[in-house]
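This report refers to the structure that appears directly beneath it.
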Amino acid sequence: MYDCTRDNLGMELSTAPISAGTAQHFAKKPTAQARDASETVTAPRPRVLESGAILAGMVFSTVLLSGFVVYHFYVQALFSTGLLVHYGLILGLFYCTIAYQLNRWGAARRGFRDQSVPETDAAELLKSEAPLVTVLIPSYREERRVLVSTVLSAALAQYGNRNIVVLVDDPPGDAESLQSSLAAIEEVKAWLDQRSDLLRREASDWLERWVFGRFSAEGEAKRLASTYRLVAGWLEALSGDLRAQATEDFRHVDTFLTDNVILDLAKRCRRDADRLERADLGIAQVDAEYRKLANLFCSDVSSFQRKRFENLSYAPNKAMNLNAYIGLMGGRYAVAERDGKRFIEECGAEEACDFEVARPDYVLTLDADSVILNRYILTLVNVLEKRPNVGVAQTPYRTFPNGASAIERIAGATTDIQYLVHQGSTHFDAAYWVGANAVIRYDALKDIETTQPEGDKTVKVFVQDRTVIEDTGSTIDLLERGWRVQNHFDPLAYSATPADFGALAIQRKRWANGGLIILPALMREYLRAGRRIRRLPELLLRSHYLLSPVVGNVAVLALMLWTSSEADSIVWTPLIMLPYFLLYGLDLRRLGYRPHDLFGVCALNLMLLPVNFAGIASSIRQIVTGRKGSFSRTPKIADRSFIPPYAYLFNLGILALMVHFAAKALAAGQYAGAIIPIANILLYGYGLTRFVGVLEGVNDLSLSVAQRLSFLARPVKALARAGRGFAGAGAQTARRFAPVPALSAVMLVALPWGLAAGDANSETTGVAVNYSEAVSDRFAAPRDAAASEARSDVAARIAGQIGSQQ
């Protein structure tokens with residue numbers, strides 16, 4: 001097990017109970033409409049009807065598209081460049097819709113099966129001799145409530161032999177953040193230590209009674225029942241304490257933890273107590289129950305800070321945080337100090353060492369905003385034990401139910417839809433590793449181990465950091481070495497969804513960045529391996545996973561502009577995707593959403609078009625320059641995150657274009673050509689008001705412009721100060737040209753809006769110019785001192801928020 005000198009590694013752990021400062025973040029009471037995680041309906045049982053209906057939808061779309069191709073290119077003999085481009089875009093959307101339907105067909109074929117762990121396997125995995133699982137929780141400036149939730153869910157998970165290490169990556173110079181993170185870990189550990197010691201003492205007392213022949217079946221049954229009820233009481237008290245001192249900001253998340261993790265374990269303990277009280281137990285059964293109790297809570301909780309050691313990686317991303325610790329596994333180490341810096345050095349077998357890192361059989365990587373249910377580790381280790389060729393086993397996470405904001409609920413719907421997509425990909429052996437939560441075979445990690453230079457040192461790499469979607473890239477490495485990825489059907493993991501557009505934009509931009517970079521590696525793996533014909537469905541789904549941000553978003557935007565600018569355009573495009581939309585709506589209903597939430601999903605996807613384009617641009621920039629993109633952490637805060645100005649201006653510009661195209665078509669009497677622009681107006685209007693916020697976007701845009709004006713004005717002010725020592729003309733000239741940088745900055749901010757419009761006509765250009773003039777007038781207008789000071793405070797808060805996100 002992991003043992004170390006706590007003082008050397010900054011891992012000192014107190015024995016204080018969970019404080020009110022941590023507990024106050026948890027919800028007061030569960031919401032009435034909360035979904036029970038254990039009862040979540042994810043996919044139907046295998047039915048010929050469902051899989052047949054999905055197959056019929058794919059055939060319908062294929063036949064309809066083929067019919068239109070025959071009609072235009074053979075019957076009407078139309079071979080214009082415009083028509084060819086139009087069909088190319090249609091094929092891009094068709095590729096995306098068919099991939100979704102194929103994934104869903106695979107999910108329907110797999111069905112929802114009872115995959116609970118057999119009783120005999122569960123008994124073995126609940127023993128302390130079970131394969132060792134090390135839970136790694138990478139953390140960077142997380143809130144206390146976030147860390148407490150994640151560590152508690154891992155510590156209460158059913159399994160006999162596991163340890164938990166929180167990889168605290170807070171900057172060593174940020175004392176406040178570091179202290180907060182370590183204090184949250186200490187509080188959870190203190191609570192677990194106190195209870196675990198009592199349970200282990202009960203197990204030790206039982207062994208003593210057994211050895212000295214004082215066995216009484218009836219007495220042991222009552223003692224076990226009493227102990228289980230005691231544990232249930234602890235858990236219920238913890239849940240009540242956390243709820244009573246909670247805030248409302250994350251009530252649905254914290255309620256999920258108390259109801260589906262803490263109280264779920266308490267209910268099982270009470271059921272076990274009732275069962276045992278009436279049971280006629282033998283010695284083996286009594287011994288098994290005491291072993292189970294001794295390992296009920298994981299008190300082996302520690303923290304590790306790689307940035308305290310000079311010879312470990314400092315790369316600012318989650319992958320290298322994980323790699324730094326994984327590289328230490330299975331070794332004995334001493335801490336040396338040279339020139340005021342700390343180094344970790346490996347010890348020989350006979351040398352004294354400061355700490356030892358156990359070599360696990362499996363590694364569970366768990367994001368700090370994720371929660372696992374009690375049977376997560378038990379279930380997935382059982383999968384890995386039975387399937388030696390599986391390197392990664394996971395249950396793709398679902399979003400915490402009952403999000404407070406509209407954007408959290410609709411964005412969560414898209415996350416839950418991806419749960420079904422991942423399940424279908426497993427049917428075709430096309431699954432990707434999802435890094436938020438996964439149990440990875442340690443031998444598989446060793447198989448993909450490499451080294452890379454970082455400054456003047458060489459570091460070990462297991463989870464590649466060539467892109468910001470490290471789990472996707474590492475999947476290709478695993479495939480090349482013969483390992484598979486398995487998605488378990490039962491939903492056992494849940495993760496947070498951003499509650500505002502600014503935070504969601506950071507997350508989705510990161511998700512859209514990296515697919516283009518990984519695609520060549522996927523193609524090389526496919527071409528080198530055999531069975532290429534049989535693996536075509538796998539290639540289709542894997543390539544779609546990487547290319548969908550490019551193909552889907554480009555096709556949507558291009559078709560939206562194409563069919564809107566031409567009044568006589570082909571308006572039959574939506575018919576091809578009709579089966580896709582019907583299936584998507586049914587899936588939303590199956591997952592607990594309303595069918596008309598499909599409208600909200602479409603609107604949100606349009607709002608995220610510029611965000612996805614920004615992620616794609618980052619991939620292209622890395623391909624061209626070779627420089628890795630930065631890892632932007634998704635904010636997990638109660639305050640609203642900064643709305644990217646480029647996204648807000650882009651969406652306003654497209655909305656203005658749609659209004660122009662609709663008015664143009666209606667004025668010309670081409671009513672069919674107005675259908676798509678009007679539909680887009682409704683979607684953009686809803687998305688801007690419901691998800692982004694018109695006033696919020698204006699405020700953030702104003703702050704962004706003000707910051708840029710302030711930055712550009714600095715050299716002018718410096719020049720003006722220098723010119724004060726000179727007479728007359730010099731100072732007047734400096735003041736005369738001071739507004740020029742400000743006007744230039746406003747024009748640069750407005751430029752993406754004009755480019756997004758994509759129309760060179762005079763009306764659009766006039767709108768852009770008028771908007772620039774209005775912004776210039778606004779910032780040129782005098783403000784009173786109080787308003788100026790308030791704006792400065794808000795600007796400072798936003799700037800700090802942006803810095804923390806990076």
Side-chain angles (χ1 to χ4, degrees), residues 60-61 63-94 96-97 551-582 596 598-603 605-607 609-610 649-689 753-771:
F60 173 85
S61 296
V63 169
L64 190 61
L65 178 59
S66 302
F68 281 122
V69 169
V70 171
Y71 174 74
H72 286 107
F73 288 101
Y74 292 94
V75 176
Q76 290 195 338
L78 299 175
F79 290 94
S80 66
T81 303
L83 191 62
L84 289 172
V85 172
H86 188 92
Y87 269 103
L89 297 173
I90 293 294
L91 284 173
L93 278 186
F94 179 75
C96 294
T97 59
V551 176
N553 289 285
V554 169
V556 166
L557 179 62
L559 282 171
M560 187 166 56
L561 298 178
W562 187 294
T563 56
S564 298
S565 61
E566 298 292 335
D568 58 348
S569 62
I570 305 171
V571 295
W572 46 263
T573 302
L575 293 176
I576 296 176
M577 296 181 289
L578 183 61
Y580 163 78
F581 284 116
L582 288 175
H596 62 265
L598 179 61
F599 180 84
V601 169
C602 293
N605 286 338
L606 290 181
M607 295 299 99
L609 278 177
L649 291 171
F650 182 98
N651 288 326
L652 283 179
I654 296 298
L655 176 60
L657 267 181
M658 293 300 106
V659 172
H660 166 69
F661 290 144
K664 179 180 175 182
L666 292 173
Q670 297 170 328
Y671 301 111
I675 294 175
I676 291 179
I678 291 174
N680 287 324
I681 289 171
L682 294 175
L683 290 169
Y684 268 95
Y686 182 82
L688 283 168
T689 55
W753 187 93
L755 292 177
D759 190 2
N761 59 56
S762 59
E763 292 114 346
T764 306
T765 305
V767 171
V769 172
N770 292 336
Y771 180 79

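The analysis underlying the following values was restricted to heavy atoms, covering all of them including side chains, and did not include hydrogens, waters or symmetry mates. From a predicted model like this one, the values you see are computed outputs, not experimental measurements.
- A donor-acceptor pair under 3.5 Å links the side-chain atoms of S61 to the main chain of I576, judged by distance alone.
- Residues P579 and F60 share a closest heavy-atom pair of CG-CD2, 3.4 Å.
- Among L84, L83, V85, the single residue meeting the side chain to side chain contact (heavy atoms under 4.5 Å, CB included) criterion with T81 is V85.
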>> Please determine whether side-chain contact (heavy atoms from CB on, under 4.5 Å) holds for the pair N651 and L606, giving the CA-CA distance in whole Å, both sets of side-chain angles, and the decisive distance to 0.1 Å.
In response: CA-CA 8 Å; N651 288 326; L606 290 181; 5.8 Å; no
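- Between I654 atom CD1 and F661 atom CZ the span is 8.5 Å, to the nearest 0.5 Å.
- Atom-to-atom distance recorded for L557:CG and L89:CG is 10.0 Å, nearest 0.5 angstrom.
- Judged purely by atom type and a 3.5 angstrom limit, N680 has no side-chain atom pairing as donor or acceptor with the backbone of M658.
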> Could you go step by step and tell me if L65 and L91 meet the side-chain contact (heavy atoms from CB on, under 4.5 Å) rule?
Replying inline: CA-CA 9 Å; L65 178 59; L91 284 173; 3.7 Å; yes
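- Atom CG of residue L683 and atom CG of residue L688 lie 11.0 Å apart, to the nearest 0.5 angstrom.
- Note: F581 CZ to L575 CG = 11.5 Å, rounded to the nearest 0.5 Å.
- Atoms CE and CG, on M577 and L64 in that order, are 11.0 Å from each other to the nearest 0.5 Å.
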>> Before you tell me yes or no, could you show the steps for L657 and M560 under side-chain contact (heavy atoms from CB on, under 4.5 Å), namely the whole-Å CA-CA distance, both residues' side-chain angles and the distance that decides it to 0.1 Å?
In response: CA-CA 10 Å; L657 267 181; M560 187 166 56; over 6 Å; no
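- Using cut-offs of 30° and 60° for the angle between ring planes, the F73 and Y87 rings count as tilted.
- Scored by the side chain to side chain contact (heavy atoms under 4.5 Å, CB included) test, L666 finds Y671, A674 as partners (sequence neighbours excluded).
- Residues L609 and F650 approach most closely at CB-CE2, 4.4 Å, considering heavy atoms.
- Remark: Y71 pairs with Q76 by the side-chain hydrogen bond (donor to acceptor under 3.5 Å, both in side chains) rule, at least two apart or across chains.
- I681 contributes atom CD1, which lies 11.5 Å from atom NE2 of H660 (distance to the nearest 0.5 angstrom).
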